[in-house]
Each structure stands twice: as C-alpha cells, then as structure tokens.
Amino acid sequence: MRKLFYIVSVGMLMMLVACGTTGKQARKKQVGEVPEPVSLSFEQRRKFDYYFLEAVRMKEKGQYDAAYELYKHCLDINPMSGAALYEISRFYMYLGQEEKGEEALKQAVRSDESNFWYKQTLASYYEQKMNIPKAVAVYENMAEQFPSRLEPLMSLVDLYNRTKSYQYVVNVLNRLEELDGKSEQISMEKFRMYLLMGKQDSAFVEIENLSKEYPYDLRYQTILGDVYLNNNRPEEALAIYRRILKEEPNYAPAVLSMASYYQKTGQDSLYQLQLDTILMNDNVQSDTKMELMRQNILQSEQTTKDSTQIVALFKRILARPQQNADLAMLCAQYMITKNMKQESIPVLEQVLSLDPENKPARLQLLSYAIGDNNLDEVIRIATSALEYHPDALEFYYYLGVAYYQQDKLDEALDVFTRGVRQINEKSDKQIASDFYAILGDIYHQKGLSEKAYAAYDSSLVHNPDNVGTLNNYAYFLSMEKKNLDKAEEMSYRTVKAEPDNETYLDTYAWILFEKGRYTEARIYIEQALRNGGDKSRVIMEHCGDIYYMLGEKGKALEYWKKADAIKDTAEGETPPTKEEIERLKRKIKLKKYIE
C-alpha cells in the first residue's frame with residue numbers, strides 16, 4: 001500500500017505542476033458532469049498512458065484497490081477518456097454504486113460515440129435493470145450507426161418481443177433479411193408475429209415467399225405445407241405434399257408430413273399405412289424413423305400401453321438393413337423399461353454388431369450376466385469389451401473378479417495388473433481403491449505377502465476409508481503376528497464404520513486375541529455371533545480359542561465342535577484348507593488350543 005500511495009501522491013503533484021496550479025485548491029469535478037474536451041500536452045499524454053497501463057497491470061494481478069485509484073488518477077488527467085471512464089464504471093458497478101457507474105458509462109459513450117462495446121455494455125446494463133425503453137433506444141442507435149452488425153438487431157427482436165411490439169419485431173426482422181438474406185428462422189418468426197397480430201394472410205404470404213425464394217428446396221415446400229396443416233388449411237397442405245411426393249416419392253420429410261396429415265384428419269388406417277411406408281423404407285434416414293418410433297411409444301403410453309405392438313413393429317424394422325445402431329438401441333431401451341430382459345439380449349447383441357464400440361450396450365449385457373452369476377458370460381463380454389475400450393476400468397474389474405471367483409488366480413492377477421496400469425489422476429478413487437484391494441487379496445492367496453501389503457497401501461492411498469481393505473489388511477497382519485498395533489487401528493475403524501458386521505467384529509476380536517487382551521476379545525466375538533457369525537466356521541472356531549484362553553475350556557470345546565459341524569462355507573469366506581480342518585479336529589481331540 002505504501003508504494004501505491006507514493007505513486008498516487010507523486011502523480012497528483014506532477015498533475016498540479018503540469019496544470020499550473022499554485023497554492024489554490026483545484027475544484028474536484030463530479031462524476032455526473034460532462035467535462036469539456038481536454039487537449040493534452042505531450043507530457044500529460046505520457047503520464048496518462050503510464051498510469052493507465054499501470055492500472056491495467058494492477059487489475060490483471062488482482063490488485064483491484066490499486067487499479068481503482070490509478071483509473072481515478074487517469075480521469076484527473078483526462079476526464080474525457082472513454083477507456084478510463086469505461087473501466088471506472090465497472091468498478092462502480094461492482095461496488096454497488098450503480099448511479100455513478102451508469103453515469104460514467106454514459107460519459108464513456110459520449111466521449112467515444114464510435115465505440116461499439118461501450119454502447120453494448122450500456123444497453124446490456126439497461127436490459128439487466130429491466131429499463132426496456134432505454135435499452136431499445138441504445139440498440140436502435142447502434143443499429144443505425146453500425147448497419148452491418150447483426151447483434152443490435154437480434155437484441156431488438158428480443159426486446160420488442162418482450163414488450164409485445166409485434167410490428168416492430170417484423171420491422172427489425174426485415175432489416176435482418178436485408179443484411180443476411182431470407183432464412184427459415186426469420187420467415188418462421190415473421191409468420192408467428194403476423195399470426196399474433198391477426199394478420200393471417202400476411203403470415204401465409206411470408207412462408208410462400210420463402211418457398212418461392214428457394215423453389216428447388218423441397219424442405220421449404222414441405223414447411224409451407226406444414227404451416228397450412230397446422231393452421232387448419234388441410235386441403236392446401238395435401239396439395240403441396242402430393243406435388244412434392246410426385247416429384248420425389250421417397251422424400252422423407254414429405255412422407256412424414258403426409259402421415260401427420262392422415263393423423264390430423266382422422267384417417268387412422270391410412271396413417272398406419274403411411275407409418276409402415278416410412279419405417280420399412282430403407283431410403284428414409286434413421287433419425288426420421290427414430291422420431292416416428294418415439295412418437296409411437298409416447299402415443300402407446302398415453303393410450304393402450306400395449307407394448308406387444310411396439311415390440312412387433314421394432315422387430316419388423318430391425319429385420320431390415322440398418323444405417324446405424326440407433327433404432328436397435330431405442331428398441332433395447334424400450335424393452336428394458338418394460339422388464340423384457342430376455343427379449344432385449346439379442347437386440348443388444350445386434351446393437352454391438354452394428355456398433356462394436358457401444359459401451360452402454362455392453363454394460364447392460366454385463367449387468368445381466370452378473371445378475372445371473374454367469375461367470376463364463378461375464379468373462380466373454382468383458383474380454384470382448386476390452387478390445388474396444390482398453391482404458392475402461394469397469395471391464396477389467398468385472399473380468400478380474402469373474403476369474404477370481406472361478407479360482408483362476410493367474411488369470412485374475414493378469415487382468416488386475418493390466419487394469420491398474422489404466423489408473424490415473426482422473427480415475428474414480430473408489431474404483432481404483434477396489435482394484436488394488438482385490439490385487440492385494442490375490443497376492444496374499446499366492447503367498448506374496450509383501451506385494452499384498454503394498455497393494456493394500458495403494459488401495460488406502462486412493463480411499464483411506466475402504467473398509468474391505470482395512471479389514472483384510474488388518475486380518476492378514478494378525479495372522480502373521482506382524483504390526484499388531486497398526487492392525488488394531490485399521491480394524492477398529494472398520495468396526496466403527498459398520499458395528500454390526502460380523503466379519504469386521506471377528507477380525508477385531510482376533511487381533512485383540514493375538515495381543516493377549518482376551519476379555520476384550522470375548523466382547524467383540526460375542527457381538528459377531530449375535531450378528532450372524534454363528535453360521536461361520538472361522539468365527540465359531542475363534543470363539544472357542546478365546547474362551548480357551550479365558551480358562552473356559554468346556555465352552556471352548558463346545559464352540560470348536562459347532563465349528564466342525566458347519567460344512568457350508570459362509571458368504572465371503574474361502575473354503576477351509578486340509579490343514580485347517582485337521583487342526584480343528586486335533587483341538588477337539590486333545591481338548592486344547594493349538595497355535
């Protein structure tokens with residue numbers, strides 16, 4: 001701030017010297033005054049340019065206070081500077097001093113009448129303040145001063161529309177036509193204005209003139225027919241449609257308009273026949289067929305809701321050669337909304353045959369296979385998907401999980417190793433965390449503990465609250481009796497996150513067991529049993545181990561026997577190894593805990 005005050009004070013002194021002011025106080029001009037034109041000396045111009053450029057620099061650096069003071073100083077040197085007035089007006093507006101801002105902006109305009117952007121800003125300000133008459137006045141002035149610019153005219157169309165000044169809208173649209181030539185948008189807007197003014201004859205003449213302007217463009221001819229049809233002149237519309245279709249029998253817009261004609265005139269059988277003509281015509285664009293099918297679906301939902309007719313029509317369409325996969329995808333989406341899972345599968349396959357890179361279709365097929373627990377189908381779909389989407393993490397994930405569930409650890413390891421290479425700063429953090437979590441599980445099953453722990457660490461880097469990772473990491477550390485304090489801290493976080501999860505409660509109880517805190521371990525293992533752990537061989541055996549260390553050997557034997565009686569593997573657990581089965585039987589036989 002000291003530097004700023006120094007610059008300003010020195011600048012003021014230089015200005016006083018340059019202006020020849022002696023000991024008298026110079027009268028400060030008010031913002032609202034219109035200053036006389038200032039003729040600057042070379043020295044004053046040099047100072048002005050210096051302070052103005054310095055103000056620009058301060059503004060770009062975000063030092064707005066300094067910039068504001070420097071712009072004010074520029075105006076002290078040259079009160080008629082349009083650039084300085086424009087900049088200072090923006091500061092006033094920002095500070096909420098709108099009257100000062102408006103006056104400064106008007107002065108900027110007066111100081112440089114040829115500046116388009118000063119006037120544009122002033123008009124926009126009036127628009128924002130809903131002062132439509134003043135905004136219109138500025139835009140009209142701009143339209144006269146800058147006859148080749150379209151922007152003022154476009155703004156005037158909007159403003160006159162808002163005030164329902166329809167004749168003025170037409171007048172401005174005529175000026176736009178003079179500049180830019182006839183167009184569909186302008187003619188349709190004039191047509192609308194004439195209708196709002198009750199001038200129907202003028203409205204139709206406007207569209208007729210458009211079609212005459214482009215006599216060989218069938219689209220404009222069709223538009224004219226549509227205008228007649230939508231304004232209760234069906235006979236004239238029919239004559240135009242027939243003339244077009246005689247010249248071009250497969251012209252899709254006219255064919256579609258003819259269908260609308262039949263529908264609006266209540267000729268339902270001809271309407272359906274016309275729809276078939278369009279939908280089964282290989283020359284009609286896919287977009288046109290899509291629009292028709294959407295209309296059919298909407299109409300069906302509002303009336304009969306008979307999906308069988310819609311599906312039958314889709315099947316007939318899809319039996320013909322397709323320009324792209326759009327119609328097949330629309331059919332599949334319709335079937336999915338109608339819970340027609342089996343019927344949608346071949347349609348989704350057709351989508352992929354037409355568009356192999358269609359990711360939504362593959363994901364839908366994948367979701368079906370996952371829902372059916374069809375691991376072979378998951379592998380087939382995901383493997384094929386990776387050929388077209390080699391960077392899509394979801395396909396690596398489900399492919400790897402399918403191999404993992406089939407106990408094909410080498411294949412799963414290969415997939416997840418390739419998958420983690422696709423992880424980058426834009427990847428979903430939770431998905432990336434789950435990738436490393438499963439990779440850690442695979443490494444551990446393969447006896448690669450250090451790699452497993454490194455993968456778990458990576459998982460927690462991407463998502464520190466991944467409870468699955470925290471649990472497995474903690475449990476495996478406890479099984480190896482390593483870093484038990486770290487294991488306890490991680491396991492406790494899982495219990496806090498999900499206090500009713502029997503697996504997490506068991507892990508925490510076991511870590512406490514390994515640390516010799518048997519009484520605390522019993523509290524958590526009993527909670528695990530109350531939350532479904534009585535169905536788990538592992539949890540029941542752990543319960544027996546804890547009771548044994550607490551001196552309750554009879555209870556321990558009871559739980560070991562219950563564990564041995566459980567033959568089915570609990571969800572989420574791996575089947576016991578031969579060694580684990582033999583160890584439990586030895587505990588029962590010897591009636592004592594075995595490490």
Give a yes or no on whether the ring-centroid distance for Phe52 and Tyr71 is below 6.0 angstrom.
yes
Flag this pair as yes if the NZ/CZ of Arg149 is under 6.0 angstrom from the six-membered ring centre of Trp117 and inside a 45 degree cone about the axis; otherwise no.
yes
Do Leu229 and Tyr241 have side-chain heavy atoms sitting under 4.5 Å apart?
yes
Between Glu206 and Lys199, does at least one N-O distance fall below 4.0 Å, as a salt bridge requires?
no
Do Gln267 and Gln274 touch side chain to side chain, with heavy atoms closer than 4.5 Å?
no
Taking everything shown except Phe146 itself, do over 12 heavy atoms lie less than 6.0 Å from its CZ?
yes
Is the closest basic N to carboxylate O distance between Glu54 and Lys61 below 4.0 Å?
no
Matching residue for Glu140 among Lys119, Arg175, Lys134 - test: salt bridge (Lys or Arg N to Asp or Glu O under 4.0 Å)
Arg175
Once the angle between the rings of Tyr397 and Phe435 is folded into 0 to 90°, is it parallel (under 30°), tilted (30 to 60°) or perpendicular (over 60°)?
tilted
Once you measure the plane-to-plane angle for Phe314 and Tyr334, does it fall in the parallel (<30°), tilted (30-60°) or perpendicular (>60°) bin?
tilted
Under a 4.0 Å N-O cut-off, is there an ion pair linking Lys106 with Glu103?
yes
Do Leu348 and Met335 have side chains that get closer than 4.5 Å, going by heavy atoms?
no
Give a yes or no on whether a salt bridge exists between Glu177 and Lys182, defined as a side-chain N under 4.0 angstrom from a carboxylate O.
yes
Strictly below 4.0 Å, N to O, side chains only: are Glu102 and Lys129 in salt-bridge contact?
no
Hey, what do you get for CD (Gln107) to NZ (Lys100), rounding to the nearest 0.5 Å?
12.0 Å
To the nearest 0.5 Å, atom CE of Met93 lies from atom CD1 of Ile88 at 12.0 Å
Go through it in stages, so that I can follow the logic: the residues are Asp65 and Met58, the test is side-chain contact (heavy atoms from CB on, under 4.5 Å), and I'd like the CA-CA distance, side-chain angles, deciding distance and then a yes or no.
CA-CA 9 Å; Asp65 290 346; Met58 290 293 111; over 6 Å; no
May I ask you to decide whether Lys72 forms a salt bridge with Glu87, counting only side-chain N to carboxylate O separations under 4.0 Å?
no
Residues in side-chain contact (heavy atoms from CB on, under 4.5 Å) contact with Asp326, at least two apart in sequence or another chain
Ser286, Asp287, Met290, Asn324
Qualifying residue for side-chain contact (heavy atoms from CB on, under 4.5 Å) with Gln322, from Asp355, Leu327, Val351
Leu327
Is there any salt bridge (charged side-chain N to carboxylate O under 4.0 Å, His left out) pair reaching into residues 382-391, and which pairs are they, with sequence neighbours excluded?
none
Should we say atom CD of Glu184 is surrounded by more than 12 heavy atoms from elsewhere, each under 6.0 Å from it?
yes
Pick from Met258, Arg219, Gln221: which one makes a side-chain contact (heavy atoms from CB on, under 4.5 Å) with Ile244?
Gln221
Centre-to-centre under 6.0 Å for Tyr262 and Tyr271, is that the case here?
no
